[in-house]
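Beneath this line is the structure, given in structure tokens, with notes to follow.
Quantities reported herein were computed from a predicted structural model and do not represent experimental measurements.
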Amino acid sequence: MTQFCDLTGKSGLVLGVANDHSIAAAVTKTLHRLGAKVQASCLNDKARPFASPVTEPLGIPLVNCDLTKPGELESFVQQAVDRFGQLDFVIHSLAWAPLAELQGRVTDTSREGFASAMSISCHSFAEVAKLVAPHMPAGGSLVTMTYHGADEVVPNYGLMGPVKAALESMVRYVANELGGQNIRVHAVSPGPVPTRAASGIASFDKLMQDAVDRSPLKRLVTIEEIANLTAFLCANESAGMTGQTIYVDAGYNFIA
């Protein structure tokens with residue numbers, strides 16, 4: 001009997017493995033457990049000692065991919081195409097903003113800082129889509145990570161709120177453009193989880209406690225729960241869905 005969300009025979013990319021506590025790490029492990037062939041990325045050689053303990057035990061190739069360096073994203077995708085022949089999914093778990101501007105007022109954001117955050121955190125998703133779409137002859141899934149701060153003002157989320165709002169809009173437009181190729185596109189919106197990326201947000205402990213207090217389930221979600229949803233969006237069972245922002249946040253998003 002075939003298991004639910006069986007990814008055997010599927011292959012794809014996970015961008016943004018930072019360490020064992022990152023969302024991308026949990027996604028990588030879950031996709032592998034469900035039978036998928038995966039190639040993962042970390043930022044650079046400095047990040048590799050933290051990311052490789054995730055991939056090495058699973059035999060998953062780990063490739064450096066710094067989006068600020070011309071050609072690295074293209075090389076990352078081409079290596080996967082050479083390795084797998086075709087692609088079925090891409091998980092985009094990347095976000096960055098200058099720390100000073102992330103913790104400051106949106107009103108005070110510099111043009112350069114905003115452009116950098118938008119390029120890495122949002123436009124890179126369109127770049128990935130353009131690169132991989134020709135290598136998805138049977139269709140596939142593109143999934144990125146967003147946050148509730150795209151829809152409502154979250155204290156100390158600052159610059160990333162408008163950036164994530166743009167990312168969610170990007171998902172809808174890319175879904176419309178690639179739907180004819182049977183490529184489905186989604187944003188997963190987790191509740192706050194204690195990852196390295198989240199550590200740059202001021203008073204993040206307070207944000208997590210508020211999520212626990214206000215969410216109907218009265219707890220934080222786990223990176224494994226986020227990974228389970230992401231894997232479902234890569235599986236045949238979600239074939240009728242595209243263009244959505246889907247929450248996995250213990251219900252926090254619908255509480256006023």
Quiz item: By salt bridge (Lys or Arg N to Asp or Glu O under 4.0 Å), which residues pair with Glu168, not counting sequence neighbours?
Solution: none
Practice problem: Determine whether more than 12 heavy atoms belonging to other residues, nucleotides or ligands lie under 6.0 Å from atom NZ of Lys218. | Solution: yes
Quiz item: Do any N or O atoms from the side chain of Ser116 and from the backbone of Glu112 form a donor-acceptor pair under 3.5 angstrom?
Solution: yes
Exercise. May I ask you to check whether Gln78 and Asp82 show a side-chain donor-acceptor distance below 3.5 Å?
Key: yes
Quiz item: Say you draw a straight line from NE2 of His123 to CG of Leu67; how long is it, rounded to the nearest 0.5 Å?
Solution: 11.5 Å
Quiz prompt | side chain to side chain contact (heavy atoms under 4.5 Å, CB included) between Ser141 and Asp88, intermediate numbers included | solution = CA-CA 6 Å; Ser141 299; Asp88 300 288; over 6 Å; no
Practice problem: Scan side-chain atoms only and decide if Ser75 and Gln79 contain a donor-acceptor pair under the 3.5 Å cut-off. | Solution: yes
Self-check item: Atom of Thr146, atom of Ser189 and distance for their closest heavy-atom approach
Solution: CG2-CB, 3.5 Å
Quiz item: Below 4.0 angstrom, N of the basic side chain to O of the carboxylate: do Arg219 and Glu225 qualify?
Solution: yes
Quiz item: Is Lys29 paired with Asp20 through a side-chain N to carboxylate O contact shorter than 4.0 Å?
Solution: yes
Self-check item: Any donor-acceptor pair under 3.5 Å from Asn236 side chain to Ala239 backbone
Solution: no
Quiz prompt | Separation between CG of Leu34 and CG of Asn228, rounded to the nearest 0.5 Å | solution = 8.0 Å
Quiz prompt | Side chain Arg214, main chain Ala256, donor-acceptor under 3.5 Å | solution = yes
Quiz item: Sub-3.5 Å donor-acceptor pair from the side chain of Ser11 to the main-chain atoms of Gln86, do we have one?
Solution: yes
Exercise. Provide the closest heavy-atom pair for Val17 versus Ala40 in the form atom of the first, atom of the second, distance.
Key: CG2-CB, 4.0 Å
Quiz item: Got a second to check how far Thr28's OG1 is from Ile60's CD1, nearest 0.5 Å?
Solution: 6.0 Å
Quiz prompt | same_hphob_cluster(Leu31, Val143) at 4.5 Å side-chain heavy-atom cutoff | solution = yes
Quiz prompt | Test log, rule side chain to side chain contact (heavy atoms under 4.5 Å, CB included), inputs Val193 and Thr222 | solution = CA-CA 7 Å; Val193 289; Thr222 67; over 6 Å; no
Quiz item: So, for Ile223 and Ala26, which heavy atoms are closest and what is the spacing to 0.1 Å?
Solution: O-CB, 3.5 Å
Quiz item: Lys164 side chain to Asp151 main-chain N or O, any donor-acceptor pair under 3.5 Å?
Solution: no
Quiz item: Under a 4.5 Å side-chain heavy-atom rule over Ile, Leu, Val, Met, Phe, Trp and Tyr, are Ile183 and Val171 clustered together?
Solution: yes
Practice problem: Can you measure from CG (Leu7) to NE2 (His32) and round to the nearest 0.5 angstrom? | Solution: 12.0 Å
Quiz item: Under the 3.5 angstrom rule, does the side chain of His186 hit a backbone N or O of Met241 as a donor-acceptor pair?
Solution: yes
Quiz item: Are any of the side-chain heavy atoms of Pro192 and Tyr252 separated by less than 4.5 Å?
Solution: no
Self-check item: Spacing of CZ belonging to Phe254 relative to NE2 belonging to His148, to within rounding of 0.5 Å
Solution: 11.0 Å
Quiz item: Between the side chain of Ser121 and the main-chain N/O of Trp96, is any donor-acceptor distance below 3.5 Å?
Solution: yes
Quiz item: Short question: side chain of Arg184, backbone of Ser238 - any donor-acceptor pair under 3.5 Å?
Solution: yes
Quiz item: Looking at Met145 and Pro190, what are the two nearest heavy atoms and their distance?
Solution: SD-CG, 4.3 Å
Quiz item: Got Lys10 and Cys234 here, is their nearest side-chain heavy-atom distance under 4.5 Å?
Solution: no
Quiz item: Which value, rounded to the nearest 0.5 Å, describes the distance between Lys130 atom NZ and Leu178 atom CG?
Solution: 12.0 Å
Practice problem: Report yes if the side chains of Cys42 and Asn64 come closer than 4.5 Å at any heavy-atom pair, otherwise no. | Solution: yes
Quiz item: Under 3.5 Å, side chain of Glu101 to main-chain N/O of Thr109, donor-acceptor pair present?
Solution: no
Quiz item: Does Ile91 belong to the same Ile/Leu/Val/Met/Phe/Trp/Tyr cluster as Phe125, with side-chain heavy atoms less than 4.5 Å apart forming each link?
Solution: no
Quiz item: Quick one: are Val128 and Leu15 in side-chain contact, heavy atoms under 4.5 Å?
Solution: yes
Quiz item: Going hydrophobic residue to hydrophobic residue with side-chain gaps under 4.5 angstrom, can you get from Tyr157 over to Leu94?
Solution: no
Exercise. Please tell me if the side chains of Tyr147 and Met160 come closer than 4.5 Å, counting only heavy atoms from C-beta onward.
Key: no
Quiz item: So if you build clusters from Ile, Leu, Val, Met, Phe, Trp, Tyr with side-chain heavy-atom gaps below 4.5 Å, do Val188 and Leu142 land together?
Solution: no
Exercise. Could you pull out the closest heavy-atom pair between Thr30 and Ala231, with the gap in Å?
Key: CG2-CB, 3.9 Å
Practice problem: Describe, in one word, how the ring planes of Phe232 and Phe4 are oriented to each other, choosing from parallel (under 30°), tilted (30 to 60°) and perpendicular (over 60°). | Solution: parallel
Practice problem: Looking only at non-hydrogen atoms, find the nearest pair between Ser215 and Asp249 and report the distance. | Solution: CB-O, 4.2 Å
